[in-house]
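Input: a single structure, listed below in structure tokens.
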Amino acid sequence: MKKILFFFAFLFAVSNIQAQQDHHYTQFMYNKLLLNPAYAGARGVPSLTAIYRNQWIGFKGAPKSVLASLNSPLLSKRQGVGLTLSHRSIGLQRDFMGSLAYSYNVVAAKNMSLRVGLNGQLRSLGMDFADAQPQPGQGPFSDQAIGDQRTNDFYGNVGAGVYATFYERAYVGISVPRIYTNVIGYNLNPKGDTIAKEARHFYGMAGAIIPLSEDINLMPAILLKYVPNAPFDADINLNLDIRQKLTAGISYRMGGDGPGESVDLLVFWQASPQFGIGASYDFTLSKIKDYSAGSIECLVIYELKKSNKKNMTNPRFFM
């Protein structure tokens with residue numbers, strides 16, 4: 001009986017995560033390149049980021065993601081390039097993605113920058129039937145989008161974004177990582193109906209550094225997420241930076257079927273001027289909270305070259 005409750009709770013949760021067709025990370029303020037190609041090269045030095053996420057611990061087949069990204073100036077500080085590689089598994093689905101981004105700083109003023117960016121993306125969507133053998137067309141849980149094929153499909157796409165910074169103390173950005181709405185799925189419907197389709201995801205991000213004392217900074221950040229025909233979503237974060245060495249904070253994620261999707265704790269340690277590690281833990285607020293032990297993330301950031309910026313030597317937040 002308990003396994004049946006787990007199953008229906010998971011189905012209910014999945015039916016309410018339309019916005020998670022894109023990958024989903026709690027430490028979004030350290031991982032802007034995934035969402036906005038205009039961030040490529042914004043830091044001014046080559047930066048490498050790696051993240052691992054295990055979501056909804058306790059559910060078999062729950063989402064697991066791993067990501068690595070590299071972004072750097074190209075030829076001059078006004079141009080930037082970025083490369084992102086990621087893999088996510090959820091249930092039987094396996095999602096591999098590679099993205100190449102380019103940005104250009106159209107406003108390179110002393111106290112302001114305005115970058116525009118484009119990205120090209122290639123995804124491989126596949127199903128792993130090692131643990132299950134679905135029978136299309138039979139039973140109440142059959143999925144017409146699966147069909148009887150066991151193969152990977154590849155999809156190309158393009159995205160765009162804008163990213164601005166002010167006085168090296170605030171940033172704002174908007175982006176659409178995938179513009180084209182590919183029709184996806186393994187079964188070609190003879191009626192010509194669209195069974196499964198990629199949706200455009202619109203993102204807005206903003207953040208600031210507010211000095212509280214010589215050694216302490218308050219750093220609020222917000223990530224807004226909108227997908228047509230899905231509820232509006234947002235992550236609201238508040239971090240406290242101590243001596244540019246230790247950063248700790250809390251986030252609230254809207255959505256879900258309760259008072260929100262989750263409350264998240266974050267910590268980041270700047271081990272050296274070029275290397276930092278971080279972690280987060282999500283306390284689930286939705287109806288699956290009684291069946292899940294929450295979600296965890298681990299993060300590593302490494303700068304391949306020391307930054308010359310005096311105000312922000314950390315790679316974790318701004319450029």
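None of these values were measured; they are calculated from a predicted model. Side chains included, hydrogens not; waters and symmetry mates left out as well; all remaining heavy atoms used.
- Ring centers of Tyr171 and Phe166: at least 6.0 Å apart, outside the cut-off.
- Salt-bridge formation is detected for the pair Asp235/Lys225: a Lys NZ or Arg NE/NH1/NH2 atom is positioned less than 4.0 Å from an Asp or Glu carboxylate oxygen.
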request  = Quick one: do Asn239 and Asn237 satisfy side chain to side chain donor-acceptor pair (under 3.5 Å)? Show the steps, please.
outcome  = CA-CA 7 Å; Asn239 271 325; Asn237 171 264; 3.2 Å; yes

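- Under the 4.5 Å side-chain heavy-atom criterion for grouping Ile, Leu, Val, Met, Phe, Trp and Tyr, Ile209 is not connected to Leu218 through any hydrophobic cluster.
- Within a 6.0 Å sphere centred on CZ of Phe232, heavy atoms belonging to other residues, nucleotides or ligands number more than 12.
- Residues passing the side-chain hydrogen bond (donor to acceptor under 3.5 Å, both in side chains) test with Ser262, sequence neighbours excluded: Arg253, Asp264.
- Qualifying side-chain hydrogen bond (donor to acceptor under 3.5 Å, both in side chains) partners for Asn182, counting only residues two or more places apart in sequence or in other chains: Glu198.
- With sequence neighbours left out, Tyr104 forms a side-chain hydrogen bond (donor to acceptor under 3.5 Å, both in side chains) with no residue at all.
- When hydrophobic clusters are built by joining Ile, Leu, Val, Met, Phe, Trp and Tyr residues whose side-chain heavy atoms come closer than 4.5 Å, directly or via intermediates, Leu266 is grouped together with Leu67.
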Considering only distance and modelled atom types, tabulate donor-acceptor pairs under 3.5 Å from the side chains of residues 78-85, sequence neighbours left out.
unit_1 : atom_1 : unit_2 : atom_2 : d
Arg78  : NE     : Asn105 : O      : 3.1
Arg78  : NH2    : Asn105 : O      : 2.8
Gln79  : OE1    : Tyr102 : OH     : 2.7

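- Nearest approach of Asn119 to Ala160, heavy atoms of both residues: OD1-N, 3.8 Å.
- If you run side-chain contact (heavy atoms from CB on, under 4.5 Å) between Ser69 and each of Leu34, Leu33, Ile51, Ile301, only Leu33 comes through.
- A distance of 6.5 Å separates CD of Glu261 from NE2 of His24, quoted to the nearest 0.5 Å.
- Residues satisfying the ring pair (Phe, Tyr, Trp, His ring centres under 6.0 Å) criterion with Phe28, sequence neighbours excluded, are absent altogether.
- In the hydrophobic clustering of ILVMFWY residues, with side-chain heavy atoms under 4.5 Å counting as a link, Leu125 and Tyr180 come out apart.
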inquiry  = Walk me through whether Arg115 and Val106 qualify under side-chain contact (heavy atoms from CB on, under 4.5 Å).
reply    = CA-CA 6 Å; Arg115 308 183 76 94; Val106 296; over 6 Å; no

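- Every residue was checked against the side-chain hydrogen bond (donor to acceptor under 3.5 Å, both in side chains) condition with Asn71, not counting sequence neighbours, and none meets it.
- Clustering ILVMFWY residues whenever any of their side-chain heavy atoms sit less than 4.5 angstrom apart, transitively, puts Val263 in the very cluster that holds Ile222.
- Phe268 and Tyr30 have parallel rings, their planes meeting at less than 30° on a 0 to 90° scale where 60° marks the start of perpendicular.
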